[in-house]
Amino acid sequence: CPICGTDMTDRRRDIKWCSDNAQMKQLAATGDEGKNAPSTLARYGLTQETYDSLLAEQGGGCAICGSPDPKTHHGKWQIDHDHSCCSTGAKRTCGQCVRGLLCQQCNLGLGHFEDNAERLEAAARYLRNP
């Protein structure tokens, strides 16, 4: 790890830091601790400005539940995108498939339902009338 020196030989090649904590130290060292890593934004075809604009359009909260808390240990929103848009395993998205910024719980919920609207609707019907 370029931040703390942890041996990363057994990690994937695309992992740059040993942990989110090390990445946060790197961002703090550059004065960008309140922002997303440029590599994360680039992965989704975003700039800090477009990210900030998207969050403002959502009223400063999660695009699904509206929570002002991203519910992550690093305080960053999850960037949600349409997984069917870009090729599987691609390191970057096309940028056109970003749907919104989500709190961790809503993002995990979509993931567990595999972005399947019919399953989500069935779950909502179940919750309303078990």
Side-chain angles (χ1 to χ4, degrees):
C1 174
I3 307 302
C4 68
T6 299
D7 180 14
M8 295 181 49
T9 54
D10 293 336
R11 310 268 176 129
R12 292 186 345 225
R13 288 181 184 256
D14 61 331
I15 303 296
K16 294 182 181 179
W17 296 281
C18 64
S19 68
D20 285 334
N21 191 31
Q23 185 175 10
M24 292 307 290
K25 287 179 187 174
Q26 174 69 20
L27 291 172
T30 61
D32 289 335
E33 63 269 17
K35 299 181 179 177
N36 287 280
S39 59
T40 299
L41 294 172
R43 179 178 172 196
Y44 295 97
L46 299 173
T47 63
Q48 187 65 49
E49 292 76 25
T50 56
Y51 174 94
D52 292 343
S53 176
L54 183 56
L55 186 58
E57 288 172 20
Q58 296 177 192
C62 174
I64 293 177
C65 72
S67 171
D69 179 6
K71 302 174 186 128
T72 59
H73 67 279
H74 50 70
K76 305 284 186 274
W77 295 98
Q78 305 290 303
I79 301 171
D80 179 48
H81 69 286
D82 182 354
H83 295 258
S84 67
C85 178
C86 302
S87 63
T88 304
K91 290 186 179 183
R92 296 178 185 267
T93 70
C94 66
Q96 301 302 309
C97 53
V98 172
R99 295 186 285 216
L101 304 175
L102 304 178
C103 71
Q104 186 171 22
Q105 290 177 340
C106 288
N107 190 51
L108 288 172
L110 288 183
H112 287 298
F113 280 93
E114 299 175 339
D115 292 352
N116 184 311
E118 289 79 24
R119 287 182 65 198
L120 281 164
E121 289 167 0
R125 281 191 304 275
Y126 171 80
L127 288 174
R128 283 190 217 97
N129 190 13

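Residues Leu108 and His112 are in side-chain contact: their nearest non-hydrogen atoms beyond the backbone lie under 4.5 Å apart. A 4.5 Å side-chain heavy-atom check between Leu54 and Glu57 finds at least one atom pair inside the cut-off. A 4.5 Å side-chain heavy-atom check between Asp80 and Val98 finds every atom pair outside the cut-off.
In plain terms, the two heavy atoms of Asp115 and Arg99 that are nearest each other are OD2-NH2, 3.0 Å. The minimum heavy-atom distance linking Cys62 with Cys65 is given by the pair SG-N, 3.5 Å. Heavy-atom minimum distance, Lys71 versus Cys103: NZ-SG, 3.7 Å.
Inspection of the Thr50 and Thr47 side chains reveals an N or O donor paired with an N or O acceptor under 3.5 Å.
The backbone N or O of Gly100 lies less than 3.5 Å from no partner atom in the side chain of Gln58, so there is not a single donor-acceptor pair.
The hydrophobic cluster containing Leu127, built from Ile/Leu/Val/Met/Phe/Trp/Tyr side-chain heavy atoms closer than 4.5 Å, also comprises Tyr126. In the hydrophobic clustering, Leu110 connects to Ile64, Leu102, Phe113, Leu120, either directly or through intervening members, whenever side-chain heavy atoms lie under 4.5 Å apart.
Contacts of Arg119 classified as salt bridge (charged side-chain N to carboxylate O under 4.0 Å, His left out), with partners at least two apart in sequence or in another chain: Glu114.
Atom OH of residue Tyr51 and atom CH2 of residue Trp77 lie 8.0 Å apart, to the nearest 0.5 angstrom.
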Discussion item. Determine whether Leu46 and His81 satisfy the following criterion, side chain to side chain contact (heavy atoms under 4.5 Å, CB included), listing intermediate values before the conclusion.
Written reply: CA-CA 12 Å; Leu46 299 173; His81 69 286; over 6 Å; no
